[in-house]
Amino acid sequence: MAGLVVILAVFWSLCILSIALLRWNEVRYRKKGLPPGTMGWPVFGETTEFLKQGPGFMKNQRSRFGSFFKSHILGCPTIVSMDPELNRYILVNEAKGLVPGYPQSMLDILGKCNIAAVHGSAHKHMRGALLALISPTMIKDQLLPKIDDFMRSHLSDWNNKIVDIQEKTKRVLGTLSLPINLPNTNYHRGFQARQHITSLLRKLVEERRASGENQQDMLGFLVGEENKYKLSDEEMIDLIITILYSGYETVSTTSMMAVKYLHDHPKVLEELRKEHMAIRDRKKPEDPIHYDDYKSMRFTRAVIYETSRLATIVNGVLRKTTRDMEINGYLIPKGWRIYVYTREVNYDPCLYPDPLTFNPWRWLDKGLENQHHFLIFGGGTRQCPGKELGLAEISTFLHYFVTKYKWEEVGGDKLMKFPRVEAPNGLRIRVSTN
């Protein structure tokens, strides 16, 4: 009996302590002029709910507090904006009291010099260096031939195989997590991966410089004398890691989701295959695709845009206030983050009629790519610099995939949750030749 009393006493003590901590954290951030919202636990805030529930957490908070609310995620008090016009204003006014506000875990893993983290003259310099690497001329003359060769080789032996497409979309762990360096945490694994990659790249840079050879690749361009954007070794390594991380995640995930949507929409697949077969009819079997071929893939571009819209590979971007500033009628304190949440814009029926329908033709009709609400690739001075390279990679993959193969899902319906991937096991397909 005494033991039961002790257990009950401990239980109620913990309940009272939890309520007190939650209450204390709410009072702590109850400043005049802030938007409504909840702040969760001390230190951790609502990070667990944010990471586990994802879009569900955002929808729940919006139903309670509207499209502009406060929270505490990823170790920092944060304002979440889900309003399309307000989001565009925030993205195009970075110089007016707003700078990149990515979490410490991301800076530790991708590097403090990565293009998403720096601002002002440093951002201009790093963006210039990156754009020089992946300019249309570079894509045409150097990158597209290598992409074509890789895709042709990579897809050559898929016939009569079961392919796990999700395996191509595994991301670097830890970039969006609390920066707690404990064993077996995502942050710890991500930070260790960063140290290993940095060591390899530093050694490679030193070898390239010592050899004096001018190799025709990205690293060769960065260390070469003809590069007008002179970078330190740290900047160079962070730039390469950023390219590896961002390109791998978004391109592979978009490719996987395109395969899923094309399987589910035979008319779209038929139209896409028609576009690519017309290109192949003009060529010999061994001929690669050229830049003019890529630029002619109008419907392919529409399929990629619609996939990116519906799957929403990137949910939003983070900014941080450098001073107290008024936004949407509220006073946001200096040092707070603003999460520009663009996901729900993609499902707004006022902007995209019948928004949950996969309809690539919508991108051909009204020039939606040029609309103000088009934020799939970011906005303002931080629109994704790798947009064209990513489109070229996905277009080349689809070219060889749809002209050579047909496929069926293997357990895919059980593993997919519309409109995007929710299950960790992803999509498996059985491939055969056309």
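All values derive from a computational prediction rather than experimental measurement. The residues of the chain are indexed from 1 along the displayed sequence.
Not counting sequence neighbours, the partners of T250 by the side-chain contact (heavy atoms from CB on, under 4.5 Å) test are I313, V314. Residues satisfying the ring-ring contact (aromatic ring centres under 6.0 Å, His included) test with Y341, not counting sequence neighbours, are Y339. With sequence neighbours excluded, no residue forms a side chain to side chain donor-acceptor pair (under 3.5 Å) with R337. In this structure Y229 satisfies the ring-ring contact (aromatic ring centres under 6.0 Å, His included) test together with H125, sequence neighbours excluded. Under the ring-ring contact (aromatic ring centres under 6.0 Å, His included) criterion, H119 pairs with no residue at all, not counting sequence neighbours. Not counting sequence neighbours, the partners of E393 by the side-chain contact (heavy atoms from CB on, under 4.5 Å) test are I147, V251, L389. Residues forming a salt bridge (Lys or Arg N to Asp or Glu O under 4.0 Å) with R152 (at least two apart in sequence, or on another chain): D148. Applying the side-chain contact (heavy atoms from CB on, under 4.5 Å) criterion to E234, with sequence neighbours excluded, gives K112, C113, S232, D238. For F57, there are no ring-ring contact (aromatic ring centres under 6.0 Å, His included) partners at least two apart in sequence or on another chain. Under the rule for a side-chain contact (heavy atoms from CB on, under 4.5 Å), the partners of E207 that lie at least two apart in sequence or sit in another chain are K203, L204.
By the 4.5 Å heavy-atom criterion applied to side chains, F397 and V259 are counted as neighbours. Residues L310 and N346 are not in side-chain contact: their nearest non-hydrogen atoms beyond the backbone lie 4.5 Å or more apart.
Within a 6.0 Å radius of NZ in K146, other residues, nucleotides and ligands contribute more than 12 heavy atoms. The environment of CD in Q53 is crowded: more than 12 heavy-atom neighbours from other residues, nucleotides or ligands sit within 6.0 Å.
With salt bridges taken as basic N to acidic carboxylate O contacts below 4.0 Å, one links E306 and R309. A salt bridge between E271 and K274 is present, with a side-chain N of the basic residue lying under 4.0 Å from a carboxylate O of the acidic one.
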Residues 286-293, side-chain donor-acceptor partners within the protein, below 3.5 Å, at least two apart:
| residue | atom | partner | partner atom | Å |
| --- | --- | --- | --- | --- |
| D287 | OD2 | K284 | N | 2.9 |
| D293 | OD2 | K283 | NZ | 2.8 |
| D293 | OD2 | H290 | N | 2.8 |

Return all side-chain donor-acceptor pairs below 3.5 angstrom for residues 322-330, not counting sequence neighbours, or 'none' if the list is empty.
| residue | atom | partner | partner atom | Å |
| --- | --- | --- | --- | --- |
| T322 | OG1 | G97 | O | 3.3 |
| R323 | NH2 | K96 | O | 3.4 |
| D324 | OD1 | K334 | N | 2.7 |

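The closest side-chain donor-acceptor pair between T38 and Q61 falls under 3.5 angstrom.
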